[in-house]
Amino acid sequence: MLQRIRTRYAPSPTGRMHVGNLRTALYAYLIAKHEDGDFLLRIEDTDQERQVEGAVEIINRTLEKTGLLWDEGPDKDGGVGPYVQSERVTAGIYMDYAKKLIEKGEAYYCFCTKERLESLRQTLTVDGETKEITIYDKHCLHLPKEEIEANLAAGKPFVVRQNTPNEGTTTFTDVLYGDITVPNAELDDMILLKSDGFPTYNFANVVDDHLMGISHVVRGNEYLSSAPKYTRLYHAFGWEEPVYVHCPLITDEHKKKLSKRSGHSSYEDLVEQGFVDEAIVNYVALLGWSPEDNEEIFSLEELVKKFDYHKINKSPAVFDMTKLRWLNSEYIKRLSDEKYYERALPEVRKVISKPLDLKKIADLMKTRIEVFPDIAEPIRFFEELPEYGVDLYTHKKMKTDTAVSLEILRDLLPRLERQEDYSLEGLKEYLSAYITETGRKTGQVLWPLRIAVSGLANTPGGAYEIMEILGKEESLARIRQGIAKLEAAG
RNA sequence: GGCCCCAUGGUCAAGCGGUUAAGACAUCGCCCUUUCACGGCGGUAACUCGGGUUCGAUUCCCGAUGGGGUCACCA
């Protein structure tokens with residue numbers, strides 16, 4: 001294959017990128033980069049009503065954060081901006097191409113009013129759901145030339161429609177799905193150019209993919225049913241078709257296509273929920289594809305090396321938050337201190353206002369969380385000793401109960417008051433000496449100690465770690481409280 | 001409803017005519033351990049159904065069933 005691979009990600013700027021879009025962008029990027037090809041970004045903003053303020057920036061930022069950097073585009077602000085379709089509309093590109101099609105008889109002007117179109121609409125009820133379908137009747141295809149001219153001259157609003165024959169079939173080839181053939185009669189005369197002069201996605205997409213030399217068109221499987229119409233467009237122009245890669249859908253647990261409208265998480269939502277960029281990209285890559293070596297954790301660079309689009313699955317994949325969380329925990333464990341603190345410390349500060357060693361507290365949580373917000377709850381006891389019942393002091397396996405605990409804490413208190421070194425090592429050394437000296441079991445001594453300083457049966461870290469962080473004064477205060485509590489309980 | 005696509009454990013996912021049907025997440029149990037977690041070890045759990053083709057089908061073909069997608073002056 002001598003042809004250079006060129007792919008593109010072509011989103012419409014309507015808000016945050018949801019996971020399905022991110023996966024499409026990722027696959028398009030990987031297909032190109034695996035062969036050292038080009039990856040472009042093209043903003044498809046041909047629907048003026050759906051424009052969302054700042055959406056292009058969100059797309060740019062998301063692509064940058066995930067490392068899916070595009071290779072070319074018009075100069076903009078000293079850098080390489082993405083291609084933007086609305087800017088190309090002004091250049092008259094789409095109008096010119098639409099006219100070429102009209103000349104060839106492959107498209108035609110349509111002056112039908114909304115009302116007339118409305119009358120063509122059929123409603124249909126399936127499984128209790130009401131759906132509306134409209135099949136255009138080619139009314140304007142048969143308009144006399146004079147009438148068309150007159151309408152145009154009168155400035156009557158028009159639309160340009162694709163002229164699809166009612167006979168024959170159209171076949172296109174997808175690398176994953178093979179040849180797909182549909183009867184032309186099934187293909188509606190879709191609108192190419194809207195009455196506001198803007199092209200529809202269907203048209204702009206084909207024209208731009210050709211003009212930009214896109215070799216592999218990567219898009220979601222929901223486009224499979226309109227693909228034959230695009231094929232007809234390519235044929236009508238006499239252009240060579242690109243290679244199609246229709247990616248399987250990503251669905252929710254109910255097998256429904258992920259969409260913003262249904263409230264499914266976008267990439268940015270996930271970041272806000274405490275996920276790591278690389279983990280999200282990694283996980284999403286795995287939905288619909290797996291490497292030959294069966295590895296599951298890899299960087300974008302490794303992905304580029306391993307990715308083979310011929311191995312993309314055909315069946316839809318359910319987005320499994322549980323597995324993403326696991327993968328995220330793996331990424332968190334591998335994070336450098338710097339990167340870990342950057343996101344962990346803010347979470348620690350949410351619950352700790354005392355002048356404690358926040359980094360040490362964060363360290364305690366590194367292997368215990370799946371997402372960053374998991375940090376807050378388990379460390380709250382550092383800030384304030386929670387209310388607890390003396391029954392916590394009873395632990396069969398540790399061979400301890402309230403009586404034993406009271407005895408040990410009373411025994412330990414004066415010693416710990418004399419102890420100056422509250423570092424982890426100091427405490428460890430001192431207390432293990434006490435343990436051997438008294439012949440008690442380690443757990444038997446440490447259990448009541450942890451209960452006293454934390455008020456909890458389960459804590460991140462053990463008694464040593466907690467006491468080190470709390471420091472001598474607070475540790476002793478809590479131990480005295482524990483003793484008082486035990487004495488009061490009798 | 002028309003058209004199109006899909007079908008291996010709960011989820012992701014190997015497999016591409018002959019396998020004890022991998023692996024990961026989840027789940028369960030054990031070990032490690034002062035708790036929790038990490039880590040280690042092990043268990044439960046799958047080829048939608050019916051016809052073919054074949055010496056032999058999870059694998060190929062057809063059909064059924066199930067699920068999904070799509071049918072806009074949205075992309």
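Just so we're on the same page: letters track the sequence lines, and every chain starts at 1. Computation of the quantities below employed the complete heavy-atom set of this structure, encompassing side-chain atoms and omitting hydrogens, waters and symmetry-equivalent molecules.
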Go through C4(B), G10(B), U34(B) for me and flag the one nearest to the Leu224(A) side chain. C4(B)
Would Lys485(A) pass as a cation-pi partner of Tyr388(A), given that its NZ or CZ must be under 6.0 Å from the six-membered ring centre and within 45 degrees of the axis? yes
Please confirm whether Lys323(A) makes a cation-pi placement over Tyr283(A), using NZ or CZ under 6.0 Å from the six-membered ring centre and within 45° of the ring normal. no
Between Ala317(A) and Glu132(A), the residue closer to the 5' end of RNA chain B by nearest nucleotide is Ala317(A)
Inter-nucleotide P distance (G66(B), A75(B)), Å rounded: 35 Å
Could you check which of A26(B), C5(B), C3(B) has an atom nearest any side-chain atom of Thr322(A)? A26(B)
Please give the distance between the C1' atoms of G15(B) and C73(B) as a whole number of Å. 48 Å
Could you check whether the side chain of Ser195(A) and the base of C73(B) have a donor-acceptor pair of N or O atoms closer than 3.5 Å, going by distance alone? yes
NA contact type, Val182(A), heavy-atom cut-off 4.0 Å: base, sugar-phosphate, or nothing? sugar-phosphate
Do the side chain of Asn294(A) and the base of A22(B) come within less than 3.5 angstrom through a donor-acceptor pair of N or O atoms? yes
Protein-proximity profile, nucleotides 38-45 of chain B, B/S/- by nucleotide at the 4.0 Å heavy-atom cutoff, equals SS------
Any strand is fair game: report the nucleotide pairing with A75(B) by Watson-Crick or G-U wobble, both distances under 3.5 Å, or none. none
Quick one: on RNA chain B, does Thr200(A) or Glu292(A) contact a more 5' nucleotide (nearest heavy atom)? Glu292(A)
Among A26(B), C5(B), A13(B), the one nearest any side-chain atom of Tyr177(A) is C5(B)
Under a 3.5 Å cut-off for both distances, is C38(B) Watson-Crick or wobble paired, and to whom? none
Kindly point out which of C71(B), A22(B), C73(B) is positioned nearest to the side chain of Ile133(A)? C71(B)
Of all the heavy-atom pairs spanning Tyr27(A) and Gly288(A), show the shortest one and how long it is. OH-C, 3.7 Å
Ignoring hydrogens and angles, answer whether the base of A24(B) and the side-chain atoms of Lys323(A) contain a donor-acceptor pair closer than 3.5 Å. yes
Candidate pair Arg380(A) and Glu383(A), rule salt bridge (Lys or Arg N to Asp or Glu O under 4.0 Å), full reasoning: CA-CA 6 Å; Arg380(A) 205 175 281 279; Glu383(A) 177 74 6; over 6 Å; no
Among C5(B), U35(B), C73(B), which is the nearest nucleotide to the side chain of Thr459(A)? U35(B)
From C-beta outward on Arg450(A), which listed nucleotide comes closest to its side chain: U34(B), U70(B), C4(B)? U34(B)
Partner nucleotide of U11(B) by Watson-Crick or wobble geometry (both distances under 3.5 Å): A24(B)
Where the side chain of Leu249(A) is defined as all heavy atoms beyond and including C-beta, which of C5(B), A75(B), G69(B) is the nearest nucleotide? G69(B)
Closest of G1(B), C25(B), U35(B) to the Val126(A) side chain is G1(B)
Candidate nucleotides U33(B), G1(B), U34(B), ranked by approach to the side chain of Lys397(A) - the nearest: U33(B)
Nucleotide of C3(B), G1(B), C5(B) approaching Lys131(A) most closely (side-chain heavy atoms): G1(B)
Determine the interplanar angle of the Phe307(A) and Trp289(A) rings, folded into 0 to 90°, and report it as parallel if under 30°, tilted if 30 to 60°, perpendicular if over 60°. tilted
